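We number each residue from 1, following the sequence as shown. In listed order, ligands and their atoms are each counted from 1. A quick note: this is a predicted structure, and the numbers were derived from the prediction, not measured.
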Amino acid sequence: MTSTASTAPAASDARAVTLPTASATDFPADFVWAVATSAFQIEGAHDADGKGPSIWDTFCRQPGVIADGSNGDTACEHVLRWEQDLDMIRDLGVDAYRFSVSWPRVRPTGDGDWNEAGLAFYDRLVDGLIARGIKPYLTLNHWDLPQALQDIGGWGSRATVDRFVEYAIGIARRYGDRVVSIATHNEPWVVAQLGHETGIFAPGLKDRALAAQVSHHLLVSHGLAITALRALKLKASLGIVLNLAPMYPATDSEADRAQARLEDGKLRRWYMDPLFKGHYPADVIEMLGEDAPQVEAGDMDRIRVPIDFLGVNYYSRGMISADGSFDVRKSGLELTDMDWEIYPQGLTDLLVQLHRDYPVPRLYVTENGGAFKDPVGADGQVHDADRTRYLDTHIAAVGEALRQGVPMGGYMVWSLMDNFEWASGYAKRFGIVHVDYATQRRTPKDSALAYRDFVLRQRAQRRG
Ligand code: IFM
């Protein structure tokens, strides 16, 4: 590949740093470069203009569940500042923006009346993206279930499946010919496991059987929503987003290898097998025993319906020891501020594995990035060399997957800007744009400039 630095638009900022490893990779001309966020993490305006409460609004009010005692009431004030934020996305030069719709903003109780003011907000957002030449990638469920649905059983109740399908149809009718992509769920594993088994996320329940049932309902609702949306003959492509990690045994022992296989079953095969093969993995069903989900006749066919893409959220690998003795702090790898190991090779391994094991038509990395300490320098800027390196090596890992034949469609940085990191509150910063929460001032970090310049060079190469 020849260097096109001289033909790319000049980087206007002297701080600009590059993504050297990623730059050495050939990406296809139609490869999508994007940034991602989710509604609850950035929007704020938690009770404005008819929005109903979500389970996260409720959860945050329980003492001790959010590390810094914060909530999403204000977050990044994105509902107020959306125009400025869209300009910021445009200035990054990316092709696309992945965002989620807040279900209780558009249908406050998840049932009954829709909220026109909430729907109009997403009209403005989608049209504003299109006007700026940015492709909208919409996610329906990024965890903020209407509290009113939780009050009658939430994802543990089959009725929520029906409500979700209604919600999906309403959103698709409204935006389905303006957005290029609709994902049903973001990270159903998190909703099921962290929300209903460990209880560290909303709605904060601790019941393994319930968690298994929730995961099944999420999958059924995905399949039924896809089927309903297909019937609408939308322009948007349809899919789902999973959080995945390759599971490696910490040693060569039989016990570690068996445990790594089971962990892979719980995270990856539990979702991928139903979606693409129409059954749950037998080893995980056996492990669950009486806690395995109730599956109605026809459910597995409801789940296994063709999708256009799979979104993969990747942050780190899983290192598994049967006795739990593996310690990331002693692994020798650098850690992010979440204490997650930095392991770009895992992304290549994961994508290659998914392509090998399942007939996935197209894959996107829908989230990838890192939380780092990010002090603001004396010059008022954030020199986040660690995040820049993280993005560089992970984009290169995607390039390697492409070289190995994986049908990759795009890469999306998590996240556009610092935001509410769930149970960690605002203490963990994933943004490539710094947010000063006292003033709501946004400042692109060095990683944002590096990503911008990388994308600009990619675009220049497309033009030849
Ligand atoms: O912030 C989250 C996001 O909402 C879902 N995927 C993981 C990110 C980092 O923890």
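When only interatomic distances are considered, the shortest N/O to N/O separation between Trp414 and ligand 1 falls below 3.5 Å. Polar contact with ligand 1: present for Trp422 (N/O pair, distance under 3.5 Å).
Rounded to the nearest 0.5 Å, atoms OG1 (Thr388) and CG (Leu449) are 8.5 Å apart.
Below 4.0 Å from some heavy atom of Glu187 lie the following atoms of ligand 1, by number and element: 5 (C), 6 (N), 7 (C). Listed by number with element, the atoms of ligand 1 under 4.0 Å from a non-hydrogen atom of Glu421 are 1 (O), 2 (C), 9 (C), 10 (O). With ligand atoms numbered from 1 in the order given, ligand 1 contributes 9 (C), 10 (O) to contacts under 4.0 Å with heavy atoms of Phe430.
Ligand 1 is approached by His142 to a heavy-atom distance shorter than 4.0 Å.
With contacts defined as side-chain heavy-atom distances shorter than 4.5 Å, the pair Tyr271/Trp189 qualifies.
With a 4.0 Å cut-off on non-hydrogen atoms, Trp340 touches ligand 1 through its side chain and not its backbone.
Annotation: atom 7 (C) of ligand 1 to nearest protein heavy atom, Glu367 OE1, 3.2 Å.
Under a 4.0 Å N-O distance rule, the pair Asp374/Arg429 does not qualify as a salt bridge.
A donor-acceptor pair is defined here as one N or O able to donate and one able to accept, closer than 3.5 Å; no such pair exists between the side chain of His196 and the backbone of Pro203.
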Practice item. For side chain to side chain contact (heavy atoms under 4.5 Å, CB included), just list the numbers for His217 and Arg158, CA-CA rounded to whole Å, side-chain angles, deciding distance to a tenth of an Å, and then say yes or no. Key: CA-CA 7 Å; His217 286 159; Arg158 186 94 184 184; 3.9 Å; yes

Practice item. Determine, stepwise, if the pair Thr37 / Tyr97 fulfils side-chain hydrogen bond (donor to acceptor under 3.5 Å, both in side chains). Key: CA-CA 8 Å; Thr37 63; Tyr97 174 53; 2.6 Å; yes

